Every structure is written in C-alpha cells, then in structure tokens.
Number of protein chains: 2
Amino acid sequence: MEASKSKKQTILEAAAELFRDRGYVATSMRDLADAVQLKASSLYNHISGKEEILQTICFQNANRFLAGMKEIEKRPINNTDKVKALIHLHIQIATEDFTSITAFNDEWRHLSDPELSRFKELRRDYELRFKSIIQAGIDAGEFVSVDTTIALFTIISAVRWIYDWFKPNRAISMDQLEEQIERILLGGLGVKGV
Amino acid sequence: MEASKSKKQTILEAAAELFRDRGYVATSMRDLADAVQLKASSLYNHISGKEEILQTICFQNANRFLAGMKEIEKRPINNTDKVKALIHLHIQIATEDFTSITAFNDEWRHLSDPELSRFKELRRDYELRFKSIIQAGIDAGEFVSVDTTIALFTIISAVRWIYDWFKPNRAISMDQLEEQIERILLGGLGVKGV
DNA sequence: CTTGCACGAACGAACATTCATTCGTATCTT
DNA sequence: AAGATACGAATGAATGTTCGTTCGTGCAAG
C-alpha cells in the first residue's frame with residue numbers, strides 16, 4: 001500500500017543508525033523520534049515498541065547470514081571455495097548494510113528471553129555449519145589439521161568486525177579487502193596459492 | 001591499611017562483571033550495590049560516580065596493553081616473534097582478567113568526552129605500533145607482502161574477541177590455543193613452520 | 001579506666017530527570 | 001465520512017546522585 005519506502009522502514013533504518021552510534025539502551029525513543037522528525041508518541045503508530053525494533057534488526061540479519069550459508073552449502077564446490085564464499089558473504093553484508101550489522105553484532109544481548117534464546121540458537125546454528133565446512137576441508141586434505149573450534153572463531157572474529165574499521169571509500173577496495181583476507185585466513189589453513 | 005582487598009577494588013570487579021553481562025548503560029548503581037551487598041548511596045563513599053568505574057576499567061586495560069606492547073618492542077627479536085609475543089599478550093590478558101576485558105572492548109564508547117578522546121588516542125597508538133611491526137616484518141622479508149591495514153585488523157580482530165568464545169576450562173588448553181592461533185595467523189602471513 | 005571525639009562506612013529518604021508507553025484528540029488523506 | 005497518522009499531556013517506573021543521619025571503631029585527653 002505504501003508508495004516508495006514505508007515509514008516503518010525509515011524508522012528501522014534510523015534506529016539501526018542510532019543503535020550503532022550510542023547502543024540500544026542509550027538510545028531513547030525521543031532520540032529516535034527526532035531522527036525521523038516525529039514525536040515519540042507517534043512512533044507507536046508504526047511499531048509496537050522499542051524491542052520490536054531490535055528484534056527486527058537482529059533476526060533480519062541472522063536470517064540473511066543463514067540464508068547465505070545455506071545457499072553456499074548447496075554449491076558443488078570444494079571446502080576452500082566455500083570458506084572463500086563465506087568470507088565474501090560477510091564482506092558483502094558488512095559493506096552493503098553496515099549500519100544494521102553493528103546493532104546485530106553488538107546489541108542482540110538486550111533481547112528479552114523468548115527471542116534471546118531463539119537468536120542464540122540461530123547464531124549457534126550458523127557457527128556449527130561453518131565449523132562443518134572447516135572440518136570437511138580438513139578431512140578432504142584441503143586444510144592443514146587444526147582445531148576446528150579455534151579455526152572457526154579466528155575466522156569468524158576476523159570477518160565479523162570488518163565493519164568496525166573498514167570504510168569503503170578508502171585506499172582499499174572491496175576486492176582487495178576480500179583477496180587479502182582470503183590470503184591471510186586461508187593461507188593460515190595451509191591452502192596454497194590463494 | 002586495608003586487610004585483604006579494598007572495598008573499592010571489590011566494587012570495581014563486581015562492576016566489570018555486571019558491565020560484561022548487561023552492558024554499562026543497562027547496569028544501574030542499585031544493581032551494582034546489590035552485587036556488593038550495599039545500598040546504592042553507600043557506593044559513593046568509595047567511588048566518585050558511575051563513570052569513574054568505567055574510566056578505571058578502560059584505562060587500566062588500555063595501559064596494560066600498551067605496557068605489554070612497549071616491552072615487546074624493546075626485545076631483540078625478529079618481527080615474527082614479536083607478533084607471536086603480541087598474540088601471547090592478548091591471550092594472556094583475555095584469560096587472566098577476561099571479565100574486565102569485555103567491558104574494555106565493548107563499553108569504552110560510553111566514556112564522556114575528555115576521556116573518550118584520550119582513550120581513542122591510546123587505542124590508535126597501540127594499533128599503529130602493531131602496524132609498524134607488521135610493516136617491519138614485510139620489509140625484512142619475514143612476511144609475505146600484504147596490506148598492513150588489512151593484516152593488522154584481521155589479526156587484532158581475531159585475538160581481541162577470544163574472551164568471547166574461549167572458556168579456559170575447556171577441551172582446549174591455553175598453550176594449544178596460542179599455538180593454533182599463531183599457526184593460522186602467521187601461516188597466513190607466509191611464515192613457514194610456525 | 002573512662003570519657004569524648006573524629007572518622008570511615010552504611011543507610012533511608014528524597015532529588016530532579018529521563019525512560020517507554022498510553023490515551024484522548026486533532027489533523028490530514030482519500 | 002472514515003481511516004490513518006500526528007500530537008500534547010500524562011503515567012508509573014527507573015535512573016544517578018545528594019543529603020542528613022547513624023552506627024561502630026580507634027585514639028587522645030582527662
């Protein structure tokens with residue numbers, strides 16, 4: 001029914017930005033209302049409350065990562081290329097929607113408990129799928145034999161916080177970023193000629 | 001004059017724990033008072049206010065990292081071993097005081113502005129020193145030629161968030177952790193036989 | 001030995017703000 | 001006319017902090 005972009009979407013995007021800059025708890029509904037040129041009470045014509053915003057941001061991104069993961073799992077490629085594709089996925093999401101990724105990464109713990117548990121499950125699911133790919137790569141002789149948990153979190157940490165330091169309008173291009181991170185992380189797994 | 005541990009220290013440690021679990025903003029002085037079996041008003045006999053606690057935690061840890069960095073810089077060793085020593089430093093601090101590291105990593109942005117700027121400077125100083133070591137390693141032919149900024153933040157991200165997933169009473173020992181992280185990160189820099 | 005006093009530490013009550021949210025009502029769009 | 005949207009006012013709860021006071025301990029003066 002809405003024309004170009006629903007007011008709800010505008011609110012969600014402004015909220016993500018505020019959450020990124022000040023954090024969820026430190027962002028008031030008045031701050032958010034100011035950002036979208038409304039009064040605080042008017043927000044409730046579009047959203048049910050503060051926590052709904054956080055939920056939307058968190059699960060939207062969780063699903064984005066999981067959808068990407070499941071698509072990559074299906075591809076008929078070796079595990080090296082799957083890890084490369086996952087690195088690409090992280091960089092892709094982090095750069096194309098880096099404002100909501102911050103809220104997703106930092107603020108999910110302020111979810112309340114039915115959703116908090118569900119979120120943790122999704123996160124754990126993603127990590128286990130990532131870990132399986134690393135394990136498969138070791139079994140197939142593509143990777144050096146490393147502890148899969150350590151490798152998993154080393155890689156995930158490295159890519160999860162890209163948004164924190166990488167500004168796309170920099171001396172570094174996205175392709176460069178991806179190629180170099182692949183080289184560092186996959187090189188460490190013993191993959192030759194990355 | 002104090003017997004075993006000053007009450008101020010007790011408060012600071014309890015605060016670090018609460019900040020880790022709920023975040024700085026979401027932790028009230030009443031929560032903190034409960035944690036040390038006091039009333040909120042009594043806290044002010046020991047500390048000047050909420051922000052002093054955050055300042056202490058942040059700068060205490062910032063100085064710890066910088067002191068470690070400066071000590072490592074002085075050592076007569078090659079750059080590979082310096083990076084190894086830095087990885088060791090991060091794991092050391094993350095495991096021996098992992099509760100205040102969380103607050104240090106996540107909550108520093110809630111500092112107010114004279115201290116906030118000072119903190120950012122310290123952080124930037126640390127990063128630049130780290131970067132210099134990587135650059136020196138490339139110049140000396142120890143490392144493969146990579147973009148130093150990308151390498152820097154990939155390594156720092158990987159080690160900065162160890163506390164987030166590593167539980168010391170696990171199947172993985174600290175030595176194992178260190179050896180494997182070295183292998184992954186230094187292997188990616190082209191160092192042989194790590 | 002006893003009295004008096006200073007002091008650290010704890011407390012309950014109260015402070016002014018700020019918070020998210022609700023409600024009744026007015027204005028706009030169709 | 002009707003439905004969506006915006007608003008001001010008000011709500012109760014929670015925030016960090018201050019205040020006046022009290023209690024106990026240790027030490028100096030008597």
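Keep in mind it's a predicted model, so treat the numbers as computed, not measured. Note on naming: letters A, B, ... go to the chains in the order of the sequence lines (proteins, then strands), and numbering restarts at 1 for each one.
- For CZ of Arg124(A), the number of neighbouring non-hydrogen atoms (other residues, nucleotides, ligands) closer than 6.0 Å is 12 at most.
- Look at CG on Leu43(A): it is 18 Å from P on dA4(D), rounded to the nearest Å.
- Remark: His46(A) is in phosphate contact with dA6(D), judged by side-chain N or O atoms under 4.0 Å from OP1 or OP2.
- Each of dA6(D), dA10(C), dA20(C) was ranked by its minimum atom distance to the side chain of Leu38(B); first place goes to dA10(C).
- We find that CD1 of Ile47(B) is positioned 14 Å from C1' of dA10(C), with the value rounded to whole Å.
- The base of dA10(C) sits within donor-acceptor range of the side chain of Asn45(B), with an N or O pair under 3.5 Å.
- Qualifying side-chain contact (heavy atoms from CB on, under 4.5 Å) partners for Asp125(B), counting only residues two or more places apart in sequence or in other chains: Leu66(B), Arg129(B).
- Ring-centre distance between Phe104(A) and Phe119(A): below the 6.0 Å cut-off.
- The side chain of Lys39(B) contributes no N or O atom lying less than 4.0 Å from OP1 or OP2 of dA13(C).
- Dashed line: the shortest gap from a side-chain N or O of Ser42(A) to OP1 or OP2 of dC7(D) is under 4.0 Å.
- Separating the CD atom of Gln37(B) from the C1' atom of dC11(C) is a distance of 15 Å, rounded to the nearest angstrom.
- The side-chain tip of Lys50(A) points at the ring of Tyr24(A) from less than 6.0 angstrom away and within 45° of straight on.
- Salt-bridge annotation for Arg109(A) and Asp21(B): absent, with no side-chain N of the basic residue lying under 4.0 Å from a carboxylate O of the acidic one.
- Between Asp106(B) and Arg20(B) there is no salt bridge, since none of the side-chain N atoms of the basic residue sits less than 4.0 Å from a carboxylate O of the acidic one.
- Going from atom CG of Asp31(A) over to atom C1' of dA20(C) covers 12 Å, rounded to whole Å.
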Please write out each protein N/O paired with an N/O of nucleotides 25-30 of chain C under 3.5 Å, distance rounded to 0.1 Å.
none

Review item, nucleotides 17-23 of chain D N/O atoms under 3.5 Å of protein N/O:
from, atom 1, to, atom 2, distance (Å)
dT17(D), OP2, Tyr44(B), OH, 2.5
dT17(D), OP2, Lys50(B), N, 3.0
dT17(D), O5', Tyr44(B), OH, 3.2

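- Rounded to whole angstrom, the span from the CG atom of Leu32(A) across to the P atom of dT18(C) amounts to 18 Å.
- Between Lys7(A) and Glu13(A) no salt bridge is recorded (no basic side-chain N to carboxylate O distance below 4.0 Å).
- For the pair Leu122(B) and Phe59(B), the minimum side-chain heavy-atom distance is below 4.5 Å.
- Counting heavy atoms of neighbouring residues, nucleotides and ligands inside a 6.0 Å radius, atom CD of Glu96(A) exceeds 12 of them.
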